[in-house]
Amino acid sequence: MSIIELYTEEEVKFREEVREWVHKNIEPIADQVEKTDRYPREVFHELGKRGYIGSLFPPEYGGTGKGLVYDTIIGEELGKVCASIDMSRNGHILSNIPLIRFGSHELNSKYLRSMARGEKIGALCITEKNVGSDAAGMETTAKKDGNFYNINGEKRFITNGSQADYLTVFAITDPSVHAHIGMSTFIVEADTPGVEVIEDFELMGMRGCRNSHLKFTNVKVPKENLVGKENHGFIQLMDELDTERIVVTAACLGTAERALEIAAGYSAERVQFGKPIKNFEGVNFKIADMAVKIHASRLMLLRTARMIDRGIRVSKESAMTKLYLSEAAFEVSNMALQILGGIGYTKKYPLERFVRDLRIAMIGAGSSEIMRFLIQREVYKELLEKS
Ligand SMILES: Cc1cc2nc3c(=O)[nH]c(=O)nc-3n(C[C@H](O)[C@H](O)[C@H](O)COP(=O)(O)OP(=O)(O)OC[C@H]3O[C@@H](n4cnc5c(N)ncnc54)[C@H](O)[C@@H]3O)c2cc1C
């Protein structure tokens, strides 16, 4: 599909530049990342130096300020080659969103530049052992004590958790009220006494990306490290999640595109019953379905990203985009694997990795069930309020 008509000339040029960089720098290490379950930390520095972390960071704090559409271009190109590096990049970028949108000039000056440059790594800490989908049920607390807050609790499944320098931690500051008005956001330096890594999880996919269980025991955080106002954390969290759902699905699109390319190429060459398998409808109808899903995915992703860049509130569109893209990309990769038959199930091709990598997209950043819940709530509100 030609995508030129959907993007500006500048965006198309930017994509070519990113694609070339990814081809030269990430493609050669993708297998090693998968095998060793690690990526070299210098990758982060390089991403930062090239401005591939800073699209959402204001230029004042070391970013490019190019916006979310540009970030989705980077995510898509990385997703074609190594989705796990993009997942680490995303966890890092997203940990900065509350700061970028709500942080004081002092706090932003202290933390954002080194994060935009990829010299420091960030992690976003929302999920807990007893609290996943129901973030408002959060149990981690931050109690004010003079010039400090004392943080206690645990955070689970944290992307970049054990390798992060700075942790963006959501915690309850007023347990006497609902979390909507009793939650706050803090920047916690990971070497603060009381911050502990309980374990790094071994994941089904996204190998190379660190995922950790962290514990906070009487962690003293200076009151200056409160992001925005006390008890405004839930608003910040909802704002972050609308952006997160777009940031994380860009790589899904890239992975799905690569899966389609591989399947189309293979089906043209593989001969069974005396002809290339692409001549069988059981195969080529799958190619058609895959192309349609990819086309629809791009339109949704691009539209929602442009809306966010224009400052429009997009909770419903963001949830719809995340739901559709995560499921579509998984289906596309699974169909591609099917087209390759037995060889698709081996590590000779990256399709088995694509299927494993993409599975998380239906769980992280709010599961498919939670996306459907959010969408139906908005639809009913719109339709019933109108009538
Ligand atoms: C690889 C990975 C990376 C992650 N990165 C981060 C990160 O960087 N930071 C962070 O804070 N978190 C992160 N997470 C956590 C992720 O966001 C949660 O796993 C996710 O929100 C689901 O929470 P849960 O696992 O506790 O599942 P639960 O909330 O316990 O849900 C279990 C099941 O019940 C379903 N369910 C729950 N409530 C409802 C409902 N009301 N209606 C219908 N179905 C429902 C869910 O859809 C799911 O299928 C990550 C997770 C993984 C696996």
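When a ligand or atom number is given, it counts from 1 through the structure's own listing order. Owing to the predicted nature of the structure, the values given are computational and were not obtained by experimental measurement.
Of all protein heavy atoms, the one closest to atom 40 (C) of ligand 1 is Ile370 CD1, 3.9 Å. Scanning all protein heavy atoms for the shortest distance to atom 44 (N) of ligand 1 gives Glu369 CB, 3.4 Å. Scanning the protein heavy atoms around atom 27 (O) of ligand 1, the nearest turns out to be Ser133 OG, 4.3 Å. Nearest to atom 46 (C) of ligand 1 among the protein's heavy atoms is Ser367 OG, 3.6 Å. The protein heavy-atom contact nearest to atom 23 (O) of ligand 1 is Gly132 CA, 3.4 Å. The shortest contact between atom 9 (N) of ligand 1 and any protein heavy atom is with Leu124 O, 2.8 Å. For atom 17 (O) of ligand 1, the closest non-hydrogen atom on the protein side is Ala365 N, 3.6 Å. Remark: minimum distance from atom 20 (C) of ligand 1 to any protein heavy atom is reached at Ile363 O, 3.5 Å.
One side chain, Ser162 or Asp200, offers a donor N or O that lies under 3.5 Å from an acceptor on the other. There is a side-chain donor-acceptor pair under 3.5 Å between Tyr61 and His105. Side chains of Glu189 and Tyr111: a donor-acceptor N/O pair is present below 3.5 angstrom, by distance only. Looking only at atom types and distance, the side chain of Tyr70 has a donor-acceptor partner in the side chain of Glu10 under 3.5 Å away.
In terms of polar-atom proximity, defined here as any N/O pair under 3.5 Å, Leu203 makes no such contact with ligand 1. When only interatomic distances are considered, the shortest N/O to N/O separation between Asp134 and ligand 1 does not fall below 3.5 Å.
Panel note: side chain Asn90, backbone Asp86; a donor-acceptor pair is recorded below 3.5 Å.
Of the candidates Lys322, Lys293, Arg372, Glu327 forms a salt bridge (Lys or Arg N to Asp or Glu O under 4.0 Å) with just one, namely Arg372.
In this structure, atom 35 (C) of ligand 1 has no protein heavy-atom contact shorter than 4.0 Å. There is no protein heavy atom less than 4.0 angstrom from atom 30 (O) of ligand 1. For atom 4 (C) of ligand 1, the nearest protein heavy atom is under 4.0 Å away. Under the 4.0 angstrom criterion, atom 42 (N) of ligand 1 counts as lacking any protein heavy-atom contact.
Atom 19 (O) of ligand 1 has its nearest heavy-atom neighbour, among Phe157, Phe170, Phe201, in Phe157.
At a heavy-atom distance under 4.0 Å, atoms from both the backbone and the side chain of Ile126 approach ligand 1.
In this structure, Arg15 is positioned above the aromatic face of Tyr7, its NZ or CZ under 6.0 Å from the six-membered ring centre and within 45° of the axis.
Short contacts between ligand 1 and Met87, defined as distances under 4.0 Å to a heavy atom of the residue, involve ligand atoms 1 (C), 2 (C), 3 (C).
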- Determine, stepwise, if the pair Arg306 / Asp309 fulfils salt bridge (charged side-chain N to carboxylate O under 4.0 Å, His left out). CA-CA 5 Å; Arg306 289 217 193 282; Asp309 278 341; 5.7 Å; no

- Task: Go through the steps for Lys155 and His213 under the test side-chain contact (heavy atoms from CB on, under 4.5 Å), then give the verdict.
- Result: CA-CA 6 Å; Lys155 294 287 178 183; His213 186 162; over 6 Å; no

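Using a 4.5 Å heavy-atom threshold, the side chains of Met320 and Glu378 count as separate. Side-chain contact between Arg207 and Lys35 is absent, with no heavy-atom pair separated by less than 4.5 Å.
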